[in-house]
There are 2 protein chains.
Amino acid sequence: MPADLHTELHGVVAERLQGREQRYTANRRAVVEVLASTDRPLTIQQLLDRADGLPQSSAYRNLTVLEDTGVVHRVAGSDEFARFELAEDLTDHHHHHLICSACGSIEDFTVGAELEKTIEETLDRAATEAGFQVDNHRLDLVGHCRRCA
Amino acid sequence: MPADLHTELHGVVAERLQGREQRYTANRRAVVEVLASTDRPLTIQQLLDRADGLPQSSAYRNLTVLEDTGVVHRVAGSDEFARFELAEDLTDHHHHHLICSACGSIEDFTVGAELEKTIEETLDRAATEAGFQVDNHRLDLVGHCRRCA
DNA sequence: ATTTATGCAAATCGTTTGCAAACCT
DNA sequence: AGGTTTGCAAACGATTTGCATAAAT
């Protein structure tokens with residue numbers, strides 16, 4: 001990630017936290033830092049491995065705050081581990097996931113803008129008719145990654 | 001569910017289990033029965049409430065077997081509870097889910113066949129290029145149900 | 001008869017929480 | 001100072017498992 005985008009990211013996160021009376025502490029910065037440096041959602045363990053010295057409980061607590069603030073997004077995979085990524089509006093990178101049901105890994109993945117638009121509009125219309133208010137969609141592909149195929 | 005489809009369902013499940021050296025016991029039948037009688041994925045607790053006398057550990061163990069055998073499908077929601085539904089090829093009912101992030105409820109939901117086909121083909125093509133073998137897709141809408149809106 | 005499923009209770013493990021010390025404003 | 005976050009360790013709760021008994025083949 002380029003230095004300027006990087007700085008910008010922290011600025012936006014700080015604002016978003018302050019708007020909810022939350023502080024942008026060193027630990028929280030570390031979590032955001034790690035999540036910004038990868039191309040896929042991370043488990044708590046992966047996050048701890050990459051954020052040296054971060055205690056487990058702080059990871060959990062800060063991820064909760066960051067999720068409530070809309071900075072981080074929780075991704076449900078096929079295994080028992082929760083995974084986290086930066087919210088899409090912070091990365092400007094709308095994407096989906098390739099979930100390997102063999103090893104549990106999750107990879108990012110995008111589809112063309114036209115299909116994306118069609119999907120979004122159609123789903124939204126159908127859901128609204130069902131009395132459901134859509135906040136976002138979750139379009140994931142479950143299967144086998146290159147290594148597990 | 002009509003009586004004949006019902007009988008047919010048990011026949012198919014029995015075959016599928018036997019093909020994997022598994023028995024179609026009373027408990028397993030009860031689990032399938034309950035899942036067939038509802039229009040949405042159920043949590044373990046909901047399943048236990050509807051299958052009188054079924055011990056919790058048997059529910060877990062049998063759901064594992066039924067999932068491994070492809071009879072039952074696990075659905076990840078927005079809360080901490082695993083939910084289960086019959087596999088789509090047993091019900092002939094390809095559908096998606098409306099997940100309420102407020103109360104955690106999950107409702108079934110379908111979209112038109114044309115969009116479904118477009119989505120499937122496009123995703124499959126894109127994923128294959130990424131070296132990923134797609135088994136199925138997961139297209140869920142996250143938002144607020146009528147009661148929680 | 002032999003293998004597999006059951007049911008209870010105990011263990012497991014990811015996640016949450018109480019509390020006193022460290023930190024930010 | 002006054003409130004928040006931290007870090008450790010203990011608690012929690014959904015899920016799993018050991019083991020003796022019952023059921024299925």
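Note on naming: letters A, B, ... go to the chains in the order of the sequence lines (proteins, then strands), and numbering restarts at 1 for each one.
Within the nucleic acid shown, A:A26 has no heavy atom closer than 4.0 Å to any nucleic acid atom.
Side-chain N/O atoms of B:H137 and B:E116 include a donor and acceptor closer than 3.5 Å.
Here A:A82 pairs with A:R74, A:F84 under the side chain to side chain contact (heavy atoms under 4.5 Å, CB included) rule; sequence neighbours left out.
Using a 4.0 Å cut-off, some side-chain N or O of B:Q22 falls inside it from OP1 or OP2 of C:dA5. Contact check, B:N27 against D:dA23: no side-chain N or O comes under 4.0 Å of OP1 or OP2.
Under the 30°/60° scheme for interplanar angles, the aromatic rings of A:H97 and A:H95 are found to stand perpendicular.
If you look at A:H144 and B:F132, their ring centroids are not closer than 6.0 Å.
Checked against D:dT25, C:dT25, C:dG14, the side chain of A:F81 finds its nearest nucleotide in C:dG14.
At least one side-chain heavy atom of A:V32 sits under 4.5 Å from a side-chain heavy atom of A:V71. With contacts defined as side-chain heavy-atom distances shorter than 4.5 Å, the pair A:D140/A:R138 qualifies. Proximity of A:Q45 to A:F81: side-chain heavy atoms (C-beta onward) are nowhere separated by under 4.5 Å.
Computed from coordinates, the B:E80 CD to C:dT15 P distance equals 11 Å when rounded to whole Å. Atom-to-atom, CZ of A:R23 to P of D:dT6 comes out at 10 Å; the value is rounded to the nearest Å.
DNA chain C lies under 4.0 Å from at least one heavy atom of each of the following residues of residues 52-69 of chain A: A:Q56, A:S57, A:Y60, A:R61. In the region residues 41-51 of chain B, proximity to DNA chain C at under 4.0 angstrom, judged on heavy atoms, holds for none of the residues.
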